[in-house]
Amino acid sequence: MFSSSQEEHCAPSKDPVKYGELVVLGYNGSLPNGDRGRRKSRFALFKRTKANGVKPSSVHILNTPQDSKAVNCKGQHSISYTLSRHQTVVVEYSHDKDTDMFQIGRSTENPIDFVVTDTVAGGQDGEDTQITQSTISRFACRVVCERNPPYTARIYAAGFDSSKNIFLGEKAAKWKNPDGHMDGLTTNGVLVMHPKGGFMEESKPGVWREISVCGDVYTLRETRSAQTPGKLVENESNILQDGSLVDLCGATLLWRTAEGLFHTPTQKHLEALRQEINAARPQCPVGLNTLAFPSMQRSRALSSLEDKQPWVYLACGHVHGYHNWGHRSEREPNTQRECPMCRVVGPYVPLWLGCEPAFYVDTGAPTHAFVPCGHVCSEKSVKYWSEIPLPHGTHAFHAACPFCATQLSPSQGWSKLIFQGPVD
């Protein structure tokens, strides 16, 4: 099977080099109201026509505001560490011809390449849902990619603002390292988890770490915004691997390398799997009517339910058409329903196909559903994601469906689907 990225790979070398993609967890192929400009559910990082990376150059210790103005007037990138009212350390950055820099954050200002807003569980749009106060930093992080093979990508906390400055105020966690260079953490931090064994069905979750402004790796703080940093982890790095997760405290991003994307299913492949299931004419075992998964477009949007929509009793996995009997609770009619096939009681939900290829760890058939949301994908993919603890709020972790960010049931994160074929 050829993926779209393989087709690109075989094209003439004039095609731009793709470093990888960042995909926001909780969206099923696109934002609910469609991708718009720099605000979208996934962001591809390509080699720039001209390098825009920067690297540390000179360090200034400033004692007056006038000194600070003189340094900032140079128009260079810089990171300011305010130690007290009277002392600021400014690290100037100079152009680096060997790297490309990409910035991610909540701000819509020009320096941000990928605008990310808070993910709302259930596949809703954070922009349209009342979020009283976002916890994602306006200039959250930056990814720096080497322009020459193997195109290594590194992640750093904080991004440069419109004045080309990163400013760590008096209250921010910051320190001087033994070798003399300054470093610090952003308010809510940038957390990274590298899976053990890459992004594949045999992989296991790694340990969540925090990344500093200069790219060092630390154990997690006691709470997300505590002023005391964790301990330096010297044998780990900020190099992103296929399947690395980046948490910005409000949204979690999945990093897929260009190489890793070769092995993901394409939209065409997922559509072929959908048609294959529908061609088998699965039936409701009670109503005997034929069931069919909605189109990928309707699945992405979680639009209105269709007459032939498959529903499932999540406790047992029996797939039915919609029917209105077996209620065990009048208040919440679909949370306690008795399966007519096996009498097991549990949630009864519509099934939706997972349409974001980057979340699949293999190209297997959609045979399993996440519990309790009902998003369907391959067995290996549901088992992988059900074991990944994702940051939630300021100090909790739980597994969630990658297609809608709904927290998975702690007792049963997924269910194997049992379809009945046509009786004729």
Would Arg106 and Phe139 count as a cation-pi pair here, with the cationic atom under 6.0 angstrom from the ring centre and within 45° of the axis? no
Exactly one of Tyr384, Trp255, Phe262 clears ring pair (Phe, Tyr, Trp, His ring centres under 6.0 Å) with Phe199, and that residue is Tyr384
On a heavy-atom basis, the closest approach of Gly26 and Thr119 is CA-CG2, 4.1 Å
Are Phe160 and Tyr93 an aromatic pair by the rule of ring centers under 6.0 Å? yes
**Asked** Quick check: does any side chain N or O of Glu356 sit under 3.5 Å from a backbone N or O of Ala358, one acting as donor and the other as acceptor?
**Response** yes
Distance col, row Ser212:OG vs Asp183:CG, nearest 0.5 angstrom, shows 3.5 Å
The residue among Leu22, Asp113, Val144 that forms side-chain contact (heavy atoms from CB on, under 4.5 Å) with Phe102 is Asp113
(Q) Regarding Glu210 and Arg221, does a basic nitrogen lie under 4.0 Å from an acidic carboxylate oxygen? (A) yes
Tell me whether Arg147 is salt-bridged to Asp98, with the criterion being a basic N under 4.0 Å from an acidic carboxylate O. no
If you measure from the Lys or Arg side-chain nitrogens to the Asp or Glu carboxylate oxygens, is any gap between Lys383 and Glu387 under 4.0 Å? no
Closest non-hydrogen contact found for Leu351 with Phe293 is CB-CE2, 3.7 Å
So CG of Asn238 and CZ of Arg209: to nearest 0.5 Å the spacing works out to 14.0 Å
task = Test Ser137 against Asn188 for side chain to side chain donor-acceptor pair (under 3.5 Å), laying out the working first.
result = CA-CA 8 Å; Ser137 171; Asn188 288 324; over 6 Å; no
Query raised in the report: Can Phe403 and Tyr27 be said to form a ring-ring contact (aromatic ring centres under 6.0 Å, His included), step by step?
Result: CA-CA 5 Å; Phe403 302 105; Tyr27 299 112; over 10 Å; no
Correct closest heavy-atom pair for Pro56 and Val91 would be CB-CG1, 4.2 Å
| Are side-chain N/O atoms of Ser78 and Glu92 paired as donor and acceptor at under 3.5 Å? | no
Practice item. Check for a donor-acceptor pair, side chain of Lys174 on one end and backbone N or O of Thr82 on the other, with a separation under 3.5 Å. Key: yes
Quiz prompt | Any donor-acceptor N or O pair under 3.5 Å, side chains Asp362, Ser378 | solution = yes
Return yes if a side-chain donor-acceptor contact under 3.5 Å exists between Glu379 and Thr367, otherwise no.
-> no
Is it true that the side chains of Asn110 and Ser162 contain a donor and an acceptor less than 3.5 Å apart? no
message: Please check this pair: side chain of Asp96 against backbone of Lys55, looking for a donor-acceptor N/O pair closer than 3.5 Å.
response: no
d(Phe114 CZ, Ser41 OG) to nearest 0.5 Å is 7.0 Å
Quick one: do Glu21 and Arg42 satisfy salt bridge (charged side-chain N to carboxylate O under 4.0 Å, His left out)? Show the steps, please. CA-CA 7 Å; Glu21 288 191 15; Arg42 62 193 296 165; 2.4 Å; yes
Between Cys339 and His318 the two heavy atoms that sit nearest each other are SG-ND1, 3.6 Å
When Lys268, Gln275, Gln267 are each screened for side chain to side chain donor-acceptor pair (under 3.5 Å) with Glu271, the one that passes is Gln275
With a 4.0 Å cut-off on N to O distance, would you call Lys380 and Glu202 a salt bridge? no
query = Hey, what's the ring geometry for Tyr348 with Trp311, parallel, tilted or perpendicular (30° and 60° as the breaks)?
reply = tilted
- Query: When you measure from the side chain of Asn177 to the backbone N and O of Gly180, does any donor-acceptor pair fall under 3.5 Å?
  - Reply: no
To the nearest 0.5 Å, atom SG of Cys377 lies from atom CG of Asn28 at 10.0 Å
Notebook entry, point to check: Sub-3.5 Å donor-acceptor pair from the side chain of Ser134 to the main-chain atoms of Ile136, do we have one?
Noted result: yes
dist Lys47:NZ -> Asp15:CG (nearest 0.5 Å) comes out at 13.0 Å
Checklist line | Step-by-step side-chain contact (heavy atoms from CB on, under 4.5 Å) determination, Val361 to Ser203 | finding: CA-CA 9 Å; Val361 298; Ser203 306; over 6 Å; no
Check the orientation of Tyr313 and His320. Use parallel for under 30°, tilted for 30 to 60°, and perpendicular for over 60°. perpendicular
Give a yes or no answer on whether the side chain of Thr252 reaches the backbone of Val246 with a donor-acceptor pair at less than 3.5 Å. no
Would Arg343 and Glu338 pass as an ion pair if we require N to O under 4.0 Å?
yes
For Leu353, does its backbone N or O pair with a side-chain atom of Arg274 as donor and acceptor, under 3.5 Å?
-> no
| task | Check step by step if side-chain contact (heavy atoms from CB on, under 4.5 Å) holds for Cys145 and Tyr151. | result | CA-CA 6 Å; Cys145 301; Tyr151 307 115; 5.9 Å; no
Worksheet item: Is the side chain of Thr219 donor-acceptor paired with the backbone N or O of Lys231 at a distance under 3.5 Å, no angle test?
Response: yes
| request: Classify the side-chain pair Arg39/Thr117 by whether it contains a donor and acceptor separated by less than 3.5 Å. | output: yes
Worked check of side-chain contact (heavy atoms from CB on, under 4.5 Å) between Asn52 and Asp100:
CA-CA 5 Å; Asn52 73 332; Asp100 286 335; 3.9 Å; yes
side-chain contact (heavy atoms from CB on, under 4.5 Å) test vs Ile104 passes for just one of Val115, Val143, Ile112, namely Val143
Report yes or no: does His398 contribute a side-chain atom to a donor-acceptor pair with the main-chain N or O of Pro410 at less than 3.5 Å?
no
Closest non-hydrogen contact found for Val349 with Gly374 is CG2-CA, 4.0 Å
message: Measuring only between side-chain heavy atoms, which start at C-beta, is Pro372 closer than 4.5 Å to Thr406?
response: yes
### Within 6.0 Å of CD in Glu276, more than 12 heavy atoms from elsewhere
no
Looking only at atom types and distance, does a side-chain atom of Asp35 sit under 3.5 Å from a main-chain N or O of Leu31, one as donor and one as acceptor? yes
Heavy-atom nearest pair, Ile155 first then Cys141, reads CD1-SG, 4.1 Å
Practice problem: Please report the C-alpha distance between Tyr81 and Thr88 in whole Å, then the side-chain angles of each, then the deciding distance to 0.1 Å, and finally whether the side-chain contact (heavy atoms from CB on, under 4.5 Å) criterion is met. | Solution: CA-CA 6 Å; Tyr81 302 87; Thr88 299; 5.7 Å; no
Geometric class of the Tyr218/Trp175 ring pair [parallel <30°, tilted 30-60°, perpendicular >60°]: perpendicular
Rounded to the nearest 0.5 Å, the CD1 atom of Ile211 sits from the CG atom of Asp247 at a distance of 12.0 Å
